There are 2 protein chains.
Amino acid sequence: MSRVDRTPALTTTSFAILGLLAIRPWTTYELAVQMERTLNRVWPRARSRLYEEPKKLVAHGLAEAARETVGRRPRTVYTITEEGRRALAEWLRTPGAGPSLEFEQNLKLFFADFGTRDDALAQLEAAREWATAQLEVFVTAARDYVEDRGPFPQRLAVTSPGARFLVDFYDLVDRWAAWASTIVQGWPEDPSQAEPTLEVDQYILRLAEERARRPGGDAAVPAPDLAPHQVSGP
Amino acid sequence: MSRVDRTPALTTTSFAILGLLAIRPWTTYELAVQMERTLNRVWPRARSRLYEEPKKLVAHGLAEAARETVGRRPRTVYTITEEGRRALAEWLRTPGAGPSLEFEQNLKLFFADFGTRDDALAQLEAAREWATAQLEVFVTAARDYVEDRGPFPQRLAVTSPGARFLVDFYDLVDRWAAWASTIVQGWPEDPSQAEPTLEVDQYILRLAEERARRPGGDAAVPAPDLAPHQVSGP
DNA sequence: CTCGGATAGTCTCGAAGGGACTATTCTGGA
DNA sequence: TCCAGAATAGTCCCTTCGAGACTATCCGAG
């Protein structure tokens, strides 16, 4: 009531920063750089945001700020507190949200019948380039890690399953765009005149149904019966 | 300068709405529902946003609003203009952004060493449930489409490649989470004590490098040499 | 000695999210 | 036939975010 304190609420982004602080102390600038290089891939946030979060953490008692100075330039080093570690563990216990995907190139493909076939092909080509670029950055970083030149090698056991997801995701985008290109190339100039390819639709449906029937339980998953991103010829 | 009009700029969301209007006229409510059911999967936006967009389109001359009334309740039906169709085609010509992914469950996995093994397993299980739920909704909708009961069957040719991406994405999340679960089950109670599994890391690296070498050109993509989401036993 | 890139931030504005709130119309079952 | 609840058709508010402009110092290579 009245106009009491109101320290802004903690968000997922706050806990992402808090997690980094649990690894070691950082300055805000280092946090921002680290975030851009790694966490951005699963939790993208604007740089400007990242400068606010540590302050919130301090306000909540989850981190401490130490003002230092390099020459005449001041900087702030943040360190996690014991309460911060408890809060982080607590956050890890609560269920997280499922993936949320924004995919403008796919959105444009969805409206392809209001443009030209070449427009659609350009979107798919851009998607492939995106995937390639992501993978290149990834390979460089991953090679460093495997050759023991990466930071925090002791965290590798914990981080590699998540990394696997990213590689597979980039690979999916690439394979899908390549496959979709072959489909779109078969369209007429004006995509609104394209004939529905029933094989594709039934194939999609079969894939989806098959998966929906797969037991939700556990254990090893068999390799897919249907080769991904290949359309069987008629 | 001074304090002139300033009709707010058009965003990707504006064009998503404009694309729907290119299919047929809608009321704002219908647009919001349609968006939630379909476009949300590649371009998720809050409902409240969707009520603003058509007004912007009108302000830019890309759509027209017709006030109607059902009984005593007023409603507004939006129709695309010729200029709107031109703007849409123009937008389709410009390259779209690559995918952007938010994945909180994976983020929590990334910090698994500050929680317990069971916390990590719970995140993965939640990811599987999410994927299953998405697929179930998808299957229901897709079955309707294939059995000719879906709206806009004439757009099927254009929309099914994009749908394929979604099925594969959900499938990826599911397979990955199942695979990752088997890895995490091998961890000790305290994940910070987990041993790095070099096989996994080198496997990831090999996958990534192999892909990075793949020609960025075109044409059919061969089936992957390595079965997705299976770790070869030692 | 200097110049460009890395370090270390602040600030602003508009876009987006999330939900509370209102009100009328339609539909299926008692 | 009547009523409850779902669907229709929005408005409003507050907070968070994103994108980028802006400032300033430090450090290393040539």
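Please read these numbers as outputs of a predicted model, since none were measured by experiment. Order of the sequence lines fixes the chain letters, A, B, ..., with proteins taken first and strands second; residue numbering starts at 1 for each chain.
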Without decimals, in angstroms, what is the distance between [X] [atom1] and [N] [atom2]?
X         : N       : atom1 : atom2 : result
Glu102(A) : dG17(C) : CD    : C1'   : 12 Å
Leu31(B)  : dA7(D)  : CG    : P     : 18 Å
Glu30(B)  : dC26(C) : CD    : P     : 14 Å
Arg45(B)  : dC17(D) : CZ    : P     : 14 Å
Arg49(B)  : dT16(D) : CZ    : C1'   : 13 Å
Leu39(B)  : dA16(C) : CG    : P     : 15 Å

### Query
Is it true that Arg86(B) and Glu83(B) make a salt bridge, defined as a side-chain N closer than 4.0 Å to a carboxylate O?
no

### Query
Is there a side-chain contact between Leu135(A) and Val167(A) (heavy atoms, below 4.5 Å)?
yes

### Query
Below 4.5 Å, heavy atoms only, C-beta onward: do Gln154(A) and Pro196(B) meet side chain to side chain?
no

### Task
Go through the steps for Arg93(A) and Glu90(A) under the test salt bridge (Lys or Arg N to Asp or Glu O under 4.0 Å), then give the verdict.
CA-CA 5 Å; Arg93(A) 261 199 304 283; Glu90(A) 167 77 28; 2.8 Å; yes

What class does the angle between the rings of [X] and [Y] fall in, given that below 30° is parallel, 30 to 60° is tilted and above 60° is perpendicular?
X         : Y         : answer
Phe114(A) : Phe111(A) : tilted
Phe103(A) : Phe165(B) : perpendicular
Tyr170(B) : Phe138(B) : perpendicular

Under 4.0 Å from OP1 or OP2 of [N]: is there any side-chain N or O of [X] that close?
X        : N       : answer
Thr11(A) : dC17(D) : yes
Thr76(A) : dA8(C)  : no
Thr13(B) : dA16(C) : yes

### Query
Base, backbone or nothing for each nucleotide of nucleotides 1-7 of chain C, written B, S, -, heavy atoms under 4.0 angstrom, 5' to 3'?
-----SB

### Query
Which of residues 50-60 of chain B have a heavy atom under 4.0 Å from DNA chain D?
Tyr51(B), Lys55(B)

### Query
Given axes from five pairs at either end, by how many degrees does the helix from dC1(C)-dG30(D) to dA30(C)-dT1(D) bend, rounded to 10°?
30°

### Check: Phe169(A) ring centre within less than 6.0 Å of Phe169(B) ring centre
yes

### Query
Is Glu30(B) reaching over with its side chain to a backbone N or O of Val77(B), donor-acceptor style, under 3.5 angstrom?
no

### Query
Hey, what do you get for CD (Gln34(B)) to CD1 (Ile23(B)), rounding to the nearest 0.5 Å?
7.0 Å

### Exercise: identify the closest heavy-atom pair between Leu88(B) and Ala22(B)
CD2-CB, 3.6 Å

### Query
Shortest non-hydrogen contact from Arg47(A) to Val33(A)?
NH2-CG2, 3.8 Å

### Query
How is Ala9(B) classified with respect to the nucleic acid when contacts are heavy atoms under 4.0 Å: base, sugar-phosphate, or nothing?
sugar-phosphate

### Closest-nucleotide 5' rank along DNA chain D - winner of Val70(A) and Ala46(A)
Ala46(A)

### Message
Counting distance alone, no hydrogens or angles: does the base of dG10(D) have a donor or acceptor under 3.5 Å from a partner atom on the side chain of Thr28(B)?
### Response
no

